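Presented below is the structure to which this report refers.
Note that the structure is a prediction, hence the values are computed from the model and not measured. Ligands are counted one by one from 1 in listed order, and the atoms in each one are counted from 1 as well.
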Amino acid sequence: MNQVLDKIREVIRTNQNIVLLSGSEVTKETGLNGIRAEHIAYDIEQKYGYSSDEIVSSLFLSRSVETFYDYYRNIILNKSDVELTKVHRAAAKLEREGKLTAVITKAVYGHFEQAGCKNVVELYGSAEENRCPVCGRFYDSKFIKESHNAPKCVDCEVVLRPGFSLYGEMIDNGRLTKASNAIEYADVLIVAGTSLNSLSWENTIRYYGGDKLILINTEEKSGDERADFRAYGNLSEIFTYITDLDKESTDSIQTEEEKNR
Ligand SMILES: [Zn+2]
């Protein structure tokens with residue numbers, strides 16, 4: 001295995017206070033689109049006549065609730081029976097070992113919790129916690145997926161509120177504080193599945209002032225040089241190796257060092 005991955009593995013092995021920031025590529029490995037679904041932006045425009053940012057907004061929800069829920073069912077919940085990836089498993093392993101302080105994600109699927117992580121900050125909330133605005137009853141993603149038109153509370157017959165923040169709404173302040181504190185006091189920050197310059201993450205990453213910023217992504221992006229260690233390739237394969245999750249093949253992993261040779 002190449003040197004960069006060995007160095008990253010050593011940093012993880014010898015440190016305790018690690019925070020994982022999980023970006024959209026981690027979700028993509030499961031086959032789910034995510035809320036924003038940037039990789040199918042064109043298809044979304046074609047189908048709905050609006051961008052994902054326009055649809056996932058409080059204004060759109062109030063004006064076109066059925067279209068909003070069509071998007072929710074077919075774009076955000078595009079796949080059922082999703083398998084957790086090695087990234088989720090690796091995070092749970094590190095948490096069990098007392099090394100991982102927090103996972104921070106904007107994904108809404110609850111995957112890290114399903115893998116066994118307890119310290120997860122879901123900045124946008126969760127697709128498993130849709131709520132009746134009248135009685136407060138929660139409805140999971142399965143209920144949304146199997147609903148028609150605009151899903152309603154079975155008791156109150158009122159249209160549900162999605163369990164995640166919409167664009168144009170404030171992100172929950174408690175969650176933001178929890179995330180920024182975890183990052184600020186982390187010894188090691190692993191940024192996975194996003195670039196350091198990503199518009200949706202750069203303000204969060206900025207809280208980290210340490211010297212062990214590890215970037216793991218599918219491909220190189222400008223601004224990545226700021227990371228102290230970085231590796232590119234299949235996220236699950238890289239996480240399997242750097243956390244000793246098991247002994248699966250890591251041949252397809254490519255790092256900066258190899259590329260420059
Ligand atoms: Zn209700």
Side-chain angles (χ1 to χ4, degrees), residues 22 24 26-28 30-38 40 43-45 47-84 88 92 102-180 182 200 204:
S22 175
S24 57
V26 174
T27 301
K28 240 160 90 183
T30 66
L32 284 162
N33 287 326
I35 294 183
R36 201 167 217 152
E38 277 165 330
I40 51 166
D43 300 334
I44 291 169
E45 287 266 7
K47 180 176 177 188
Y48 295 100
Y50 296 95
S51 71
S52 58
D53 284 11
E54 287 170 314
I55 296 169
V56 187
S57 68
S58 40
L59 186 68
F60 197 92
L61 177 65
S62 60
R63 283 185 182 167
S64 310
V65 66
E66 293 192 357
T67 310
F68 174 89
Y69 273 104
D70 185 89
Y71 180 91
Y72 194 163
R73 270 189 295 270
N74 296 303
I75 304 295
I76 301 177
L77 301 176
N78 59 307
K79 195 180 160 191
S80 307
D81 301 323
V82 172
E83 273 184 44
L84 300 177
H88 305 117
V103 180
I104 297 158
T105 179
K106 287 181 177 170
V108 296
Y109 303 107
H111 290 153
F112 285 102
E113 287 92 339
Q114 287 164 34
C117 291
K118 298 196 169 55
N119 301 316
V120 185
V121 185
E122 290 184 306
L123 281 172
Y124 280 170
S126 171
E128 301 304 330
E129 294 177 1
N130 310 288
R131 198 172 46 81
C132 168
V134 175
C135 71
R137 181 169 165 181
F138 285 107
Y139 291 88
D140 62 11
S141 61
K142 191 162 174 277
F143 184 86
I144 304 291
K145 187 74 181 166
E146 291 169 356
S147 67
H148 302 282
N149 307 320
K152 292 175 178 160
C153 177
V154 294
D155 297 321
C156 314
E157 295 188 1
V158 175
V159 175
L160 301 181
R161 285 283 308 171
F164 45 83
S165 309
L166 307 173
Y167 299 121
E169 288 180 342
M170 298 289 286
I171 296 184
D172 181 89
N173 223 346
R175 291 190 201 125
L176 272 181
T177 307
K178 215 171 154 189
S180 53
S200 65
T204 315

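For Phe138, there are no ring-ring contact (aromatic ring centres under 6.0 Å, His included) partners two or more places apart in sequence or in a different chain. Not counting sequence neighbours, the partners of Lys79 by the side-chain contact (heavy atoms from CB on, under 4.5 Å) test are Leu32, Val82.
Within a 6.0 Å sphere centred on NZ of Lys142, heavy atoms belonging to other residues, nucleotides or ligands number 12 at most. Crowding of Tyr167 atom OH: a count of heavy atoms from other residues, nucleotides or ligands under 6.0 Å exceeding 12.
Residue pairs meeting the salt bridge (Lys or Arg N to Asp or Glu O under 4.0 Å) criterion with at least one member in residues 150-159, sequence neighbours excluded: Arg137-Asp155.
The six-membered or imidazole ring of Tyr72 lies near that of Phe164, with a centre-to-centre distance under 6.0 Å.
Within the protein, the N, O or S atoms lying under 2.8 Å from the Zn ion (ligand 1) are Cys132 SG, Cys135 SG, Cys153 SG, Cys156 SG.
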